[in-house]
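Every chain is numbered from 1 and lettered A, B, ... according to where its sequence line falls, protein lines coming before strand lines. Quantities reported herein were computed from a predicted structural model and do not represent experimental measurements. Just the heavy atoms: all of them, side chains too, but no hydrogens, waters or symmetry mates, feed the values below.
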2 protein chains.
Amino acid sequence: MAPDTGDPAPSGRPATSVDVARLAGVSQATVSYVLNDAPGVTISEATRARVRAAAEELGYAPDASARTLRTGRSDIVLMPLLAAPIGTLVLSLLNELVERLREHGLTLALYGDARSRGVVAARDWTRWRPAAVVVEAHRLTAASVRRLHDAGCATVVGLGAEPSPLVPTMVIDDGEIGAAAARHLLGRGRRNLAAVVPAERGLDAFGERRLGGVTAAAQAAGAAVRCVDLPFDEDAAARLAAGWAAGGARPDGVFAYNDEYAMLLMRALQDAGLDVPGDISVVGADDLPLGRFLRPRLSTVRVAGDVTAAGLAERLARMVAERERDPAVTVSLTRVEMVPRESS
Amino acid sequence: MAPDTGDPAPSGRPATSVDVARLAGVSQATVSYVLNDAPGVTISEATRARVRAAAEELGYAPDASARTLRTGRSDIVLMPLLAAPIGTLVLSLLNELVERLREHGLTLALYGDARSRGVVAARDWTRWRPAAVVVEAHRLTAASVRRLHDAGCATVVGLGAEPSPLVPTMVIDDGEIGAAAARHLLGRGRRNLAAVVPAERGLDAFGERRLGGVTAAAQAAGAAVRCVDLPFDEDAAARLAAGWAAGGARPDGVFAYNDEYAMLLMRALQDAGLDVPGDISVVGADDLPLGRFLRPRLSTVRVAGDVTAAGLAERLARMVAERERDPAVTVSLTRVEMVPRESS
DNA sequence: GCGAGTCACTTATACGTATAAATTCTGTAT
DNA sequence: ATACAGAATTTATACGTATAAGTGACTCGC
């Protein structure tokens, strides 16, 4: 490792713009003008060079809180913790998002309360004078949005299953996932569909949405859909499969909430002596790598996560710059793609 | 939704402590004393009540940047983006961590540069005067740690595979995972072990560690271990399995880097006509839910994520409070537990 | 009856920055 | 020579907070 040079004042508090000014032999204001490339101010090239050299020598970095206090606005994009469990989609976004936002001079801060809502929450969020707040739309109210704007927040962006009437929204429409699966199953000649939805709390909201998409697509084609609640549990899956193996109320095509439920179900169906896809087609969602190792290989609906991450950051940065506040603006984060394999 | 009361001044910039003081008929200093429960200052109960009522009425929340500027220290725990891909362990931590830290009055901020190191990076990190910085230990240098401390950072916590000589470290020792698997296999009478390690970049560091653990445990028992590089790819797995099915250089126990590689491998072994665990025992890691749906059910090594998340936050909060800087302090984040099932 | 001591406050200041307003300097046209 | 217009820079101020230092008003012991 290199000896890590670059800090000639090896100890003591970090340098301020006053320190830089003193070293460069100019006033503090000049330092600020130079380092911020202030428009409408003329500073000679010689002075600029001296200031920059001094700043470099002292390892100067402007104090973020002082700057925020002065300007009334920070470079923070505040993202209150999501109430819904962070899934792989959001995770894959997070990594990318942080880096991209930085390229636009913005810092992502996760904030630690998944439950508070309305004005009380907004009060808390405004304490850092964030440039933007990205939050689940259902946690916003008209008053809270006003409060955020009053506090200098350039834009408030909602996240949700549908556009919010209050703010520009990034729509994560799980319905499209179910719809894609249903269209695929219908395209393969299946007419008697079932949607397997988690019985677990917390996932139910997503499950509802995906189910809704299946239902809508099926209805459009005049096919029937039944909904099946399934806990993530082998015994429950075995009971379900046994019923289908014995009785006549058996669907010929199943969309499972995600790949994990699909795998659970497929295993149970096979153990009950049913053939996949001969007797029943199975489609999952999320395209887990493991789906390809099953026999038959699992068909799935992929949500293109990383594609939208860069775009999301870009969009967010632009919204901040343009102070976008029009609730009519919506961005869809769900780019859905059917990946047919052997199970359907 | 409730009509969202609580903001009698429906518009205009957020209230400051001066506004509260004016409404309560006291000085700004009094407001600060009351709301911070300042020790060593006596304020009558009547006044306290008036101040609190005024603060509530105005929806006052102290400006974080002003407070930081004044005190020289924020309540931010800065976590520069991890260079290593965020895994499920870290993810499960993240959710929990944010909430727990908040209970201690700390805010987690993800910061957007996964590559910068040393003093240059430290300069950037200090701009928010964080209370603590949690970062991969290899990105720190002696000078950068000094800089962070000089900037008022109560503690700098390293993350890494082994204790850092510079700072207190949270050790994520992947070696223990491999060791647990190896001990398990040896306990089942396997003497000819193999460790399957990803050929992919990015995971190789972890792979090395897990392999190291296997090797150490095996050597201690006088058993042999061979290392196998495997890309995450069905063809490669099939070739490997075919070789083992045909030749004599076949191990009787395999530890795979994680459950996904284990599933890939097990599938290939079975397709090649080998019996698991009859011919070869297979052990994975991470305890993915899906492992239970395979036939045979997959044995795995579980890393207790959520257990350590609360503890991590607790530890972090204490380190901040006590300004812990002793590099000899280490916290192990890897609580490892063998989950034997049918594949071994 | 009077300094000492507590209580209950207020006044004043500094943190580090951005920027409006004021000032000095340097040619240049009159 | 003298006013004048930029150019180049400095001076001064405000952002909102925490806290040291100061100020009366009371109580109390003697």
Side-chain angles (χ1 to χ4, degrees), chain A residues 12-52 54-55 58-75 105 123 126-129 150-152, chain B residues 12-52 54-55 58-75 105 123 126-129 150-152:
Chain A
R13 64 181 195 0
T16 70
S17 60
V18 174
D19 297 328
V20 175
R22 191 155 28 221
L23 180 60
V26 298
S27 72
Q28 178 268 333
T30 302
V31 172
S32 177
Y33 286 135
V34 170
L35 297 183
N36 293 329
D37 271 328
V41 198
T42 52
I43 308 274
S44 71
E45 199 43 57
T47 304
R48 300 188 108 91
R50 278 213 324 285
V51 168
R52 279 196 254 266
L58 295 178
Y60 171 71
D63 181 293
S65 51
R67 171 175 284 177
T68 300
L69 179 58
R70 174 64 227 245
T71 61
R73 190 159 305 124
S74 73
D75 61 356
R123 242 178 243 172
T126 50
R127 299 200 324 114
W128 281 105
R129 303 289 136 106
D150 286 347
Chain B
R13 65 181 195 2
T16 70
S17 59
V18 174
D19 297 326
V20 175
R22 192 156 27 223
L23 180 61
V26 298
S27 72
Q28 178 267 331
T30 302
V31 172
S32 177
Y33 286 135
V34 169
L35 298 182
N36 293 327
D37 271 328
V41 197
T42 53
I43 309 274
S44 72
E45 200 44 58
T47 305
R48 302 187 104 91
R50 280 215 320 287
V51 168
R52 279 196 255 265
L58 295 177
Y60 170 71
D63 182 291
S65 51
R67 173 175 279 178
T68 300
L69 180 58
R70 174 63 228 239
T71 63
R73 189 159 308 124
S74 73
D75 62 356
R123 242 178 242 171
T126 52
R127 298 202 324 115
W128 282 105
R129 303 289 139 113
D150 286 348

*Asks:* Output the rounded distance in Å from CZ (B:Arg50) to P (C:dA8).
*Replies:*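 In whole Å, C:dA8 P and B:Arg50 CZ are 13 Å from each other.
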*Asks:* At a cut-off of 3.5 Å, list every protein nitrogen or oxygen paired with a nitrogen or oxygen from nucleotides 13-17 of chain D, distance to 0.1 Å.
*Replies:*
unit_1	atom_1	unit_2	atom_2	d
D:dT17	OP1	B:Tyr60	OH	2.7
D:dT17	OP1	B:Asp63	N	3.2
D:dT17	OP2	B:Ser17	N	2.5
D:dT17	OP2	B:Ser17	OG	2.7

*Asks:* Within the structure provided, determine whether A:Thr16 and A:Asp63 are in side-chain contact (heavy-atom separation under 4.5 Å).
*Replies:*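 Side chain of A:Thr16 against side chain of A:Asp63, heavy atoms only: no contact under 4.5 Å found.
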*Asks:* Take atom CZ of A:Arg48 and atom P of D:dA7, then tell me their distance rounded to the nearest Å.
*Replies:*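 It works out to 13 Å between those atoms.
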*Asks:* Is the shortest side-chain N/O distance from B:Thr42 to OP1 or OP2 of C:dC7 below 4.0 Å?
*Replies:*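 So the side chain of B:Thr42 is outside the cut-off, no N or O lying under 4.0 Å from OP1 or OP2 of C:dC7.
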*Asks:* Counting the atoms with a prime plus P, OP1 and OP2 as sugar-phosphate, which does A:Ser44 contact under 4.0 Å by heavy atoms, base, sugar-phosphate, or nothing?
*Replies:*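 Sugar-phosphate, no base atom in range.
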*Asks:* Check nucleotides 20-28 of chain D against the protein and report each pair of N or O atoms closer than 3.5 Å, with its distance, or say if there are none.
*Replies:*
unit_1	atom_1	unit_2	atom_2	d
D:dA20	N7	B:Tyr33	OH	3.3
D:dA20	N6	B:Tyr33	OH	3.1

*Asks:* Taking the side chain as C-beta and beyond, is there a heavy-atom pair between A:Asp37 and A:Arg48 under 4.5 Å?
*Replies:*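 Counting from C-beta outward, A:Asp37 and A:Arg48 do come under 4.5 Å.
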*Asks:* Starting from C1' on D:dT10, measure out to CD1 on A:Ile43 and report it in whole angstrom.
*Replies:*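 Atom-to-atom, A:Ile43 to D:dT10, this comes out as 10 Å.
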*Asks:* When you compare the side chain of A:Arg50 with that of A:Thr30, does any pair of heavy atoms fall below 4.5 Å?
*Replies:*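 A:Thr30 does not reach A:Arg50 side chain to side chain.
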*Asks:* Under the 3.5 angstrom rule, does the side chain of A:Arg127 hit a backbone N or O of B:Ala61 as a donor-acceptor pair?
*Replies:*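 Checked: no pair found.
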*Asks:* Given atom CD of B:Glu45 and atom C1' of C:dC9, what is their separation to the nearest angstrom?
*Replies:*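 The distance from CD of B:Glu45 to C1' of C:dC9 comes to 15 Å, rounded to the nearest Å.
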*Asks:* For a quick check of understanding: with a heavy-atom distance under 4.0 Å over all strands, which category does A:Thr47 fall into, base, sugar-phosphate or nothing?
*Replies:*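 Counting heavy atoms under 4.0 Å across all strands, the contact made by A:Thr47 is with sugar-phosphate only.
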*Asks:* Looking at A:Trp128, is its backbone amide N or carbonyl O close enough to the side chain of A:Ser74 to form a donor-acceptor pair, meaning the two atoms are under 3.5 Å apart?
*Replies:*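 A pair under 3.5 Å: yes.
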*Asks:* Do the side chains of B:Asp19 and B:Arg13 get nearer than 4.5 Å, heavy atoms only?
*Replies:*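 The answer is yes; the side chains approach within 4.5 Å.
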*Asks:* Mind checking salt bridge (Lys or Arg N to Asp or Glu O under 4.0 Å) for A:Arg52 and listing every partner two or more places apart, or none if nothing turns up?
*Replies:*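 Residues passing salt bridge (Lys or Arg N to Asp or Glu O under 4.0 Å) with A:Arg52: none at all.
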*Asks:* Nearest 0.5 Å please: distance from the OG atom of A:Ser65 over to the CZ atom of A:Arg129.
*Replies:*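 A:Ser65 atom OG to A:Arg129 atom CZ measures 13.0 Å (nearest 0.5 Å).
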*Asks:* Which comes earlier along DNA chain C counting from the 5' end, the contact point of B:Val26 or that of A:Ala38, where each point is its nearest nucleotide?
*Replies:*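 Going by which nucleotide is closer to the 5' end, it is B:Val26.
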*Asks:* Check every strand shown and say whether A:Val41 touches a base, only sugar-phosphate, or nothing at a heavy-atom separation below 4.0 Å.
*Replies:*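 Touches a base.
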*Asks:* Of all the heavy-atom pairs spanning B:Ala66 and A:Leu69, show the shortest one and how long it is.
*Replies:*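 Between these two residues, the closest heavy atoms are CB-CD1, 3.8 Å.
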